[in-house]
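Just so it is clear, the values below take in all heavy atoms, side chains as well, and ignore hydrogens, waters and symmetry mates. Residue numbers start from 1 in every chain, and the chains themselves are labelled A, B, ... in the order their sequence lines are given, proteins ahead of strands.
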Amino acid sequence: MSLYGLQKFLYELNRNPRTQTRYQEERAALLQEYPLDEQERAAIDSGDIGLIYVLGANGQLLMHFAAFLGMPWPSYIQAMREGVVRYGPVRAGVYTMTLGLDEKVAGV
Amino acid sequence: MSLVFAGICSHAPGITGRAELADPALKESFHAAFRHMGDQLHAARPDALIVVGAEHFGNFFMNNMPAFAIGMSDQYEGPIEDPAWLKIERRSIAGNAALSKRLIVEVMNSVDVAYAEEWKFDHAISVPLHFLTPKYDIPVIPANINCQGPPLAPLHRAWAFGEALRRAADLVPERIAIVATGGISHWPATPDSGKINEAWDREFLQRWGRNDKAALLSYTDVETYRDGGQGGFEIRTFIALAAAAGGQGSVQYFKPIPIFAVSCTIGTMSIQCRTS
């Protein structure tokens with residue numbers, strides 16, 4: 001478990017165009033530079049937004065990764081819900097889910 | 001006295017980024033109120049605008065997280081987010097490094113603020129500027145209160161930061177405006193995005209409007225997290241503004257808009273000397 005490293009990666013990806021290019025062109029080498037466990041590495045590699053959410057990544061970091069991957073807003077919100085269904089409740093941090101799976105308060 | 005304008009506003013990225021998903025009339029009513037606040041800001045003829053935001057890992061991360069920070073540059077850039085996502089074009093924004101330095105030196109007499117000669121604005125500043133200064137014609141001095149990465153500064157320190165900004169503004173010859181941006185209750189960037197505790201928001205704004213220091217500082221983070229979500233930690237910016245302005249607040253717009261994830265809020269506060 002290296003949530004800090006996971007979030008550091010997202011922070012640098014969000015703000016650094018070179019990191020974004022490297023994510024596309026040499027992802028394995030890029031991810032080697034962060035202290036990630038295998039689950040975290042796989043989640044980033046496959047763009048598993050639901051798992052990254054459940055692992056406890058700060059939402060302000062994660063939502064831009066979802067946008068970077070081309071996910072429209074409703075798909076991003078739904079991916080987090082599906083992550084909770086598949087992997088269980090959020091394990092760390094303050095971006096927990098407090099509503100039911102079907103309570104789409106904003107319509108998405 | 002050189003503080004000439006004080007106000008609060010929402011900054012949620014959905015306000016611009018998801019505008020097309022909102023009810024058009026509702027969206028336009030809020031955008032119009034936002035622009036009207038900009039008219040009031042310009043009428044005060046400020047030489048600089050301090051924007052007290054609650055940024056979201058645009059510049060500061062948990063490797064070295066300042067509780068409070070002020071920008072000290074002649075030039076900034078924003079938004080840091082994908083412009084297509086936020087629907088605000090990226091551009092450079094004028095600052096005033098010399099003025100920043102004078103303000104920071106005074107603030108440091110009571111608050112150990114970090115200074116930053118590099119700062120990329122995220123939505124906490126870029127969304128308000130989009131409406132308040134669409135021509136980007138007022139130099140901006142960005143300020144930040146950490147509301148994202150706990151541990152967070154206690155509320156009474158946010159108050160002290162606001163008081164320090166006021167003292168600093170009063171000491172410089174320039175006309176200074178200050179706008180604090182943030183949400184009240186909200187659960188952004190979670191599946192709950194759009195959840196809003198309207199009663200809690202209204203209670204907070206009543207305390208803010210009468211500038212009730214004791215009531216504003218009585219929230220604990222446990223209570224705020226329970227009632228206002230993790231986004232509720234941003235009440236720190238509105239509290240700092242109350243400390244800076246010292247007067248009575250007037251809420252000019254308040255409406256929960258779930259697709260924007262917050263109670264959309266516009267307010268101004270009269271500027272008075274504090275005696276206590």
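- Heavy-atom contacts from other residues, nucleotides or ligands closer than 6.0 Å to CD of B:Glu118 number 12 or fewer.
- Between the side chain of B:Asp122 and the backbone N or O of B:His56 there is at least one donor-acceptor pair closer than 3.5 Å.
- Applying a 4.5 Å heavy-atom cutoff, the residues of residues 14-28 of chain B that approach chain A are B:Arg18.
- Below 30°, between 30° and 60°, or above 60°: for B:Tyr253 and B:Phe30 the angle between ring planes is between 30° and 60°, a tilted geometry.
- Note on ring orientation: taking the six-membered ring where Trp is involved, the planes of A:His64 and B:His123 are tilted (angle from 30° to 60°).
- Looking at B:Phe260, neither its backbone nor its side chain comes within 4.5 Å of chain A, counting heavy atoms on both sides.
- Options B:Ala261, B:Gly229, B:Gly58 differ in how many heavy-atom pairs under 4.5 Å they form with chain A, and the most are formed by B:Gly58.
- Judged purely by distance below 3.5 Å, without hydrogens or angles, the side chains of A:Asp48 and A:Tyr87 pair a donor atom with an acceptor atom.
- Both the backbone and the side chain of A:Leu99 come within less than 4.5 Å of a heavy atom in chain B.
- Relative to the six-membered ring of B:Tyr136, B:Arg91 meets both conditions, a distance below 6.0 Å and an angle of at most 45° to the axis.
- Aromatic rings of B:Trp187 and B:Tyr225 (six-membered ring for Trp) have centroids beyond the 6.0 Å cut-off, not under it.
- Counting heavy-atom pairs closer than 4.5 Å to chain A, the top-ranked of the candidates B:Lys195, B:Gln230, B:Lys120 is B:Gln230.
- With contacts defined as side-chain heavy-atom distances shorter than 4.5 Å, the pair B:Trp119/B:Ser73 does not qualify.
- The contact between B:Asn63 and chain A is made by backbone and side chain atoms together, counting heavy-atom distances below 4.5 Å.
- Among the candidates A:Val90, A:Thr98, A:Asn58, A:Leu62, the residue making the largest number of heavy-atom pairs closer than 4.5 Å to chain B is A:Thr98.
- Interface remark: A:Gln7 contributes backbone and side-chain atoms alike to the contact with chain B (heavy atom separation under 4.5 Å).
- Of the two parts of A:Lys8, the backbone and the side chain both hold a non-hydrogen atom closer than 4.5 Å to a non-hydrogen atom of chain B.
- For residues 81-89 of chain B, a heavy-atom distance under 4.5 Å to chain A picks out B:Glu81, B:Trp85, given by residue number.
- Chain B forms more heavy-atom pairs under 4.5 Å with one residue of A:Leu10, A:Leu61, A:Ile77 than with any other, namely A:Leu61.
- The structure places CD of A:Glu82 at 4.5 Å from CD of A:Gln78, a figure rounded to the nearest 0.5 Å.
- Side-chain rings of B:Phe121 and B:Tyr76 approach one another, their centers coming within less than 6.0 Å.
- Under the 6.0 Å distance and 45° angle rule, B:Arg207 does not count as a cation-pi partner of B:Phe204.
- Aromatic ring orientation, B:Phe34 versus B:Phe131: parallel (interplanar angle below 30°, classes split at 30° and 60°).
- A donor and an acceptor atom, one from each side chain of A:Tyr34 and A:Glu12, are located under 3.5 Å apart.
- Of the listed residues (A:Tyr4, A:Tyr53, A:Phe68, A:Tyr76), the one with the most heavy-atom contacts under 4.5 Å to chain B is A:Tyr4.
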List the steps, then state whether ring pair (Phe, Tyr, Trp, His ring centres under 6.0 Å) holds for B:Phe60 with A:Tyr11.
CA-CA 9 Å; B:Phe60 309 113; A:Tyr11 169 72; 9.3 Å; no

